[in-house]
Number of protein chains: 2
Amino acid sequence: MADVAERAGVSTSTVSRTLRGLSTVSPEVRARVERAARELNFAVSRQAASLVTGKTGNVAVLVPTLDAWFMGAALSSLGPLLRSAGMELSVYLIPDMAERISFFDRLPARRNADALLVFSFDLNDKETARLDDLGMPVIYVSQHVDGRPSVYVDDVAAAAAGTRHLLNLGHRRIAFLHTVGASGFSFSSNERLLGYQQALTEAGIPVDEDLMAGIHTRDKRSTAEALGNLLSLREPPTAVFAEQDEVAVAALWTLRRTRIPVPERMSVLGFDDQPLADWFDLSTVAQSPKDIGREAGELALSLINEPDAADRCRHIVLPTYVIPRSTTAPPPAEEGEPRVSG
Amino acid sequence: MADVAERAGVSTSTVSRTLRGLSTVSPEVRARVERAARELNFAVSRQAASLVTGKTGNVAVLVPTLDAWFMGAALSSLGPLLRSAGMELSVYLIPDMAERISFFDRLPARRNADALLVFSFDLNDKETARLDDLGMPVIYVSQHVDGRPSVYVDDVAAAAAGTRHLLNLGHRRIAFLHTVGASGFSFSSNERLLGYQQALTEAGIPVDEDLMAGIHTRDKRSTAEALGNLLSLREPPTAVFAEQDEVAVAALWTLRRTRIPVPERMSVLGFDDQPLADWFDLSTVAQSPKDIGREAGELALSLINEPDAADRCRHIVLPTYVIPRSTTAPPPAEEGEPRVSG
DNA sequence: TTGAAAGCGCTAACAC
DNA sequence: GTGTTAGCGCTTTCAA
């Protein structure tokens, strides 16, 4: 910066002021400084700046994985948003328990970010408490914690709505495929299962353990097996509600191969509305991770700028939509149980 | 850090030495300092440290998108690798031309990272030159630039191998679906098209413009239209080579709906071998972004530590594999053109 | 093995 | 509107 100052014939303070866009610089000086900076290929060192301002210019995100549609979409809107606010995006990828423990033990984000967005983790109280004294705003995304700022969709209500869509079509035997294992989205996953059960109970239909199957997302056999079990029950389901589009599509594929017509003999409903769903004309419950990412980013920025604002623990709940496409329809009217008419 | 020093009854120099694991600290003092640091929840400020060391402890990545399988997988291996080396991961997401221009204009990564990994961009000479005087190692990933360190697969050879797989099965009319538009992977895309053409030419088969169709990944109609055109040619193809698994699967789906049996009447070959391919039992050309990410990360770390090493402009070319699954087979033996035997 | 002192590159408070 | 000065929190000589 001293070089730029010398070249422009001004002091470093003026260079600093110019480069930060402060208005207290005369146009001619500004022009001179900017030219000098460009000629010298100068860029401010955030490190040095942050040392004195106390702001790092970084927003950190804590994510369980990056190879899920949800994360990609959420970060796709978050990234440019932060960029346009002059912030950098730091990613802490915590794929397994070992990394998770080490993260919460060392809290490397401390002092190295101005805010932390925690995505989709099902945190325990100890971990939440640990984040509390991180000394920066922490925003919970795609999950929610009482008294802490959170951005999410109401997965319980969304899954209940999806289930009601099937119930309203006349289905009574509705299977639920929920993902288990290292997917890192256990929070939403559990809530969706809950919503499914809630809707059934409300409709006076007993929750049947046999109809709920755990799926390992990354393993196609897992879906085939689960479907096999469902199809060989004494009273097989007439509809399958998968808690993720990917699983729904895998189910769709297995059913088509087995020549079980969808939706004539079996309805399939997904969750997420990722591009895949559109390709396969899959009925699904839509959420918008882009909106989630954007809202979370904006909340982060506002908390950074006014840490004592009223939204210190605001909960932003984004809407979901049931999108009926070609894979849900009324169940076959067989089994001696005539359709109720009128 | 002064607090820690006081609490441990030593100077800040000693605290610094202890926390960086230098061996010139007596065990008892070390213990005292470490306890004090833990009690005070102290973490070293990277900003302040980097100001004097000149190292930021950051690795920056420049990516066109995050919602592609490739990026997710590559960063999934890169993230933990950097973390275990004590480095942070900074993501610059450049989804469109405006952001790209602004990035290359301002080069915000300058001075704020120790190395830059540039993913999948088809850079022009000016941009490459701009990165050259960034003052840090720049590694080109999933692309290659002469004289600069690069990590990639040989897309030309891989696509040629895939094409030969189809040729060897007996196909002569092979369509190629290449993605166009904002996907951000134009480098690989172009190379794959080249490989396809090369293999055909080598086999003495003229390249037919009618057989090459551009697809917009995010738009399923696009695939249907392209396939429609191909199927209504005077001499329709017997095989389709899609330059991305997602497009191949979309094609698969369209064909199945149209009751065109795969692979009996039409072979379909993908590229990438993402989980989708396995689900659909899709024949494909496999690459491993996890390996690419890991190699790129290791190269970055080694260039950071020894900037003058021999691998200053090393090219690491990772292997690809043709994975025949159930969607490729010999073409139907009709059309009066008997299969060559013996 | 430890401590004192001198910066690293910037911003902020204050003078002009 | 601009320059001077005093740190921000660390690491790194250099001396002890």
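Note on naming: letters A, B, ... go to the chains in the order of the sequence lines (proteins, then strands), and numbering restarts at 1 for each one. Quick caveat: nothing in here was measured; it's all calculated off a predicted structure.
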The criterion is side chain to side chain contact (heavy atoms under 4.5 Å, CB included); which residues satisfy it with [X], sequence neighbours excluded?
| X | answer |
| --- | --- |
| B/L51 | A/A48, A/L51 |
| A/D3 | A/L40 |
| A/A43 | B/R110 |

The complete set of side chain to side chain donor-acceptor pair (under 3.5 Å) pairs with one or both residues in residues 69-80 of chain B, sequence neighbours excluded, reads none
Residue pairs meeting ring-ring contact (aromatic ring centres under 6.0 Å, His included), one or both in residues 14-33 of chain A, sequence neighbours left out, come to none
In short, ring-ring contact (aromatic ring centres under 6.0 Å, His included) pairs touching residues 122-149 of chain A with sequence neighbours left out are A/H144-A/Y152, A/H144-A/F187
Taken in chain and number order and not counting sequence neighbours, the residues that satisfy salt bridge (charged side-chain N to carboxylate O under 4.0 Å, His left out) with B/R20 are none
Check your understanding: Quick one: are B/V4 and B/T12 in side-chain contact, heavy atoms under 4.5 Å?
Key -> no
For nucleotides 7-16 of chain D, 5' to 3', base contacts (B), sugar-phosphate-only contacts (S) and non-contacts (-) with protein non-hydrogen atoms under 4.0 Å give BBBBSB----
Residues 129-146 of chain A vs salt bridge (charged side-chain N to carboxylate O under 4.0 Å, His left out), sequence neighbours excluded, gives A/D132-A/R148
Sequence neighbours excluded, the answer for side-chain hydrogen bond (donor to acceptor under 3.5 Å, both in side chains) partners of A/R17 is none
If each end axis of the helix from C/dT1-D/dA16 to C/dC16-D/dG1 is fitted on five C1' pair positions, the angle between them, to 10 degrees, is 30°
Under a 4.0 Å heavy-atom criterion, DNA chain C is touched by chain A from C/dG9 to C/dA13
